[in-house]
**Q** 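Structure below; questions to follow.
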Amino acid sequence: MKVIYMGTPDFAVPCLERLVKENFDVVCVVTQPDKPKGRKQELAPSDVKVKALALGLEVYQPSTLRTQEAYDYLSKFEPDYIIVAAYGKILPKNILDLPKYACINVHGSLLPKYRGAAPIQRSVLAGDKVTGITTMLMNEGLDTGDMLLKSEYEIDINATAGEVFDALAQSAPDLLMKTIEMYTKGEIIPEKQNDADSTYAAMLSKDEAVIDWSRSALHIHNLVRGMSPWPVAYTCLDGKKLKIYSSCLTNEKTTLQVGKVKEDKDSILVACGDGMLLSLTSVQLEGSKRMDAKSFLLGHKIDTIGK
RNA sequence: CGCGGAGUAGAGCAGCCUGGUAGCUCGUCGGGCUCAUAACCCGGAGGUCAUGUGGUUCAAAUCCCAUCUCCGCAA
């Protein structure tokens, strides 16, 4: 079974590994071009590229698939399937029609909810209790294709987007294998998405990561979780940026003003808009390293946060 | 040459501007108090102040130079 695999971030790595392990003939791995990363702006390969090279697979990194050149290149492989997981580009019709069986996408949400770039983060951000993975037949729209299989995943109240990401990435290969096997045998009836129920999960931006302490503790907690490990929710402390990596809900009420920090030996307890205290458990001040609340408090006095 | 912050005891920080015996909180060790305690009191140990057999100086954690490492912004 010849497969072209398309994916970019770490989320897409486990599925690629499984395909190789299950003896699919992965004839080509398509991933985004290397992009500048880090302080020095050095070009860095995608996670999928790194894994593909380690597995000795052919890698293709076009800036767009909408060229004759890209089509010619990929068509010569005569794939049975094209498997796509968080690749980051929409495939043109001629490439969608390329494989003998289908173009299958592995998406990190229970469609039609959270179509788009950041389904998992949006789900955590919204405080959802359940999310999951959907496999679908791809079409020219953005995650609008007919659905094949789903698996659900329960989100812990304290799980960060990164943790849910990892969990879903680990469970994705099972669903993918099952999907390919059943679809090849004609055992799945593709199900149309109900567009009326669909929502769009836009990419996260840093503008959304700033904490508004007048919101409820739960809202802020979800923001912190959803923005971790990127771009990371932040606030200000004495004019410096303070990133909040994780927090913990308390059931303590307070009469302190919004943004005031309750004096405590080993917890950073901040008064939120709904009068509840939110405990910040992992923080990082500009120029300094990430540390837990207790360590942070050994060297810092905090009275008010957010300015 | 993108901009900026930082490296001081096991941990987190102050001291540096205005050079002159290195300090705070926590931890750790010992003792005390207590029915008891992660609480409280007393005491101790622990640091070539990132590196440079660098420069200036009577004297450098502090001023100057070089290097390494970490971090924020930017992407």
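Convention: sequence-line order gives letters A, B, ...; per-chain numbering from 1. Quantities reported herein were computed from a predicted structural model and do not represent experimental measurements.
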**Q** Between A:K178 and A:D174 (salt bridge meaning N to carboxylate O under 4.0 Å), is one present in this structure?
**A**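 A:D174 and A:K178: not salt-bridged.
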**Q** Given that both distances must come in under 3.5 Å, which nucleotide forms a Watson-Crick or G-U wobble pair with B:U34?
**A**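 WC or wobble partner does not exist here.
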**Q** Which listed nucleotide (B:G5, B:C73, B:G12) is nearest to the side chain of A:K241?
**A**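 When the side chain of A:K241 is considered, B:C73 is the closest of B:G5, B:C73, B:G12.
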**Q** Let me see the working for A:Y245 and A:Q284 under side chain to side chain donor-acceptor pair (under 3.5 Å), right down to the final yes or no.
**A** CA-CA 8 Å; A:Y245 280 87; A:Q284 179 178 26; 2.9 Å; yes
**Q** Using a heavy-atom distance cut-off of less than 4.0 Å, which residues of residues 224-232 of chain A contact RNA chain B?
**A**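 Of all residues in residues 224-232 of chain A, none places a heavy atom under 4.0 Å from RNA chain B.
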**Q** Whole angstrom is fine here: how far is it from CG in A:L298 over to C1' in B:A38?
**A**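 Rounded to the whole Å, the gap is 15 Å.
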**Q** Report the distance from atom NZ of A:K294 to atom P of B:C26, rounded to the nearest whole Å.
**A**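 Value for this atom pair: 10 Å.
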**Q** B:G46 and B:G55: how far apart are their P atoms, nearest whole angstrom?
**A**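 These two P atoms come out 31 Å apart once rounded.
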**Q** Have A:D34 and A:Q61 got a donor and an acceptor in their side chains that come within less than 3.5 Å?
**A**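 There is such a pair between these side chains.
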**Q** In this structure, how many angstroms lie between the P atom of B:A6 and the NE2 atom of A:H300, rounded?
**A**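 To the nearest whole Å, that distance equals 12 Å.
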**Q** If you assign each of A:M291 and A:L285 to its closest nucleotide in RNA chain B, which residue comes earlier from the 5' end?
**A**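 Looking at RNA chain B, the more 5' nearest nucleotide goes with A:M291.
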**Q** Do the side chains of A:I268 and A:V270 get nearer than 4.5 Å, heavy atoms only?
**A**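 SC-SC contact between A:V270 and A:I268 confirmed.
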**Q** Taking the C1' atom of each, how far is B:G19 from B:C70, in whole Å?
**A**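 Between the two C1' atoms, the distance is 28 Å.
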**Q** Check every atom of B:G72, B:A11, B:G5 against the side chain of A:K243 and return the nucleotide holding the closest atom.
**A**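 The nucleotide sitting nearest to the side chain is B:G72.
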**Q** From B:C70, B:G12, B:G72, pick the nucleotide closest to the side chain of A:E286?
**A**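 Nearest listed nucleotide: B:G72.
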**Q** Take atom C1' in B:U21 and the same atom in B:G27, then report the distance between them in whole Å.
**A**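 26 Å, rounded to whole Å.
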**Q** Rounding to an integer number of Å, can you tell me how far A:D264 CG sits from B:C26 C1'?
**A**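 Taking CG of A:D264 and C1' of B:C26, I get 14 Å after rounding.
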**Q** Give me the distance, rounded to whole Å, that separates B:U53 from B:C41 when you measure between the P atoms they each carry.
**A**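 Nearest-Å result for B:U53 against B:C41 at atom P: 46 Å.
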**Q** Between A:S282 and A:R290, do the side chains contain an N or O donor and an N or O acceptor separated by less than 3.5 Å?
**A**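 Short answer, yes.
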**Q** Whole angstroms only, please: what is the CG-P distance between A:D292 and B:A11?
**A**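 For the pair A:D292 CG and B:A11 P, the rounded distance is 13 Å.
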**Q** What's the CD1-C1' distance between A:I302 and B:U25, to the nearest Å?
**A**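 Roughly 14 Å, once rounded to whole Å.
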**Q** Find the partner of B:A6: check Watson-Crick (N1-N3 plus N6-O4 or O6-N4) and G-U wobble (N1-O2, O6-N3) distances, both under 3.5 Å, and reply none if neither fits.
**A**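 For B:A6, the partner nucleotide comes out as B:U69, under the 3.5 Å rule.
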**Q** With rounding to whole Å, what would you report as the distance between B:G10 and B:U57 at their C1' atoms?
**A**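 Nearest-Å result for B:G10 against B:U57 at atom C1': 35 Å.
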**Q** When rounded to the nearest Å, what value does the distance between P atoms of B:U48 and B:A22 take?
**A**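 Between the two P atoms, the distance is 13 Å.
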**Q** Quote, to the nearest angstrom, the P distance that separates B:C16 from B:A61.
**A**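 That atom pair is separated by 14 Å.
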**Q** Please measure how far the P atom in B:A45 lies from the corresponding atom in B:C40, and state the result in whole Å.
**A**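 Approximately 22 Å lies between the P atom of B:A45 and that of B:C40.
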**Q** Are the side chains of A:V59 and A:V30 in contact, using a 4.5 Å heavy-atom criterion?
**A**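 Contact flag for A:V30/A:V59 side chains = no.
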**Q** Once ring pair (Phe, Tyr, Trp, His ring centres under 6.0 Å) is applied, do any residues pair with A:Y234, and if so which ones, sequence neighbours excluded?
**A**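 Expected list: none.
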**Q** Can you check the A:F296 CZ to B:U25 C1' distance for me, whole Å?
**A**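 About 14 Å, once rounded to whole Å.
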**Q** Please determine, by modelled atom types, if A:S46 and A:T8 share a side-chain donor-acceptor pair under 3.5 angstrom.
**A**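 Side-chain D/A pair, A:S46 to A:T8: absent.
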**Q** What is the distance from CD of A:Q284 to P of B:C70, rounded to the nearest Å?
**A**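 Spelled out: CD on A:Q284 to P on B:C70 is 13 Å.
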**Q** For A:S288 and B:G7, is the shortest distance between a side-chain N/O and OP1 or OP2 below 4.0 Å?
**A**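 For B:G7, OP1/OP2 do not have a side-chain N/O of A:S288 under 4.0 Å.
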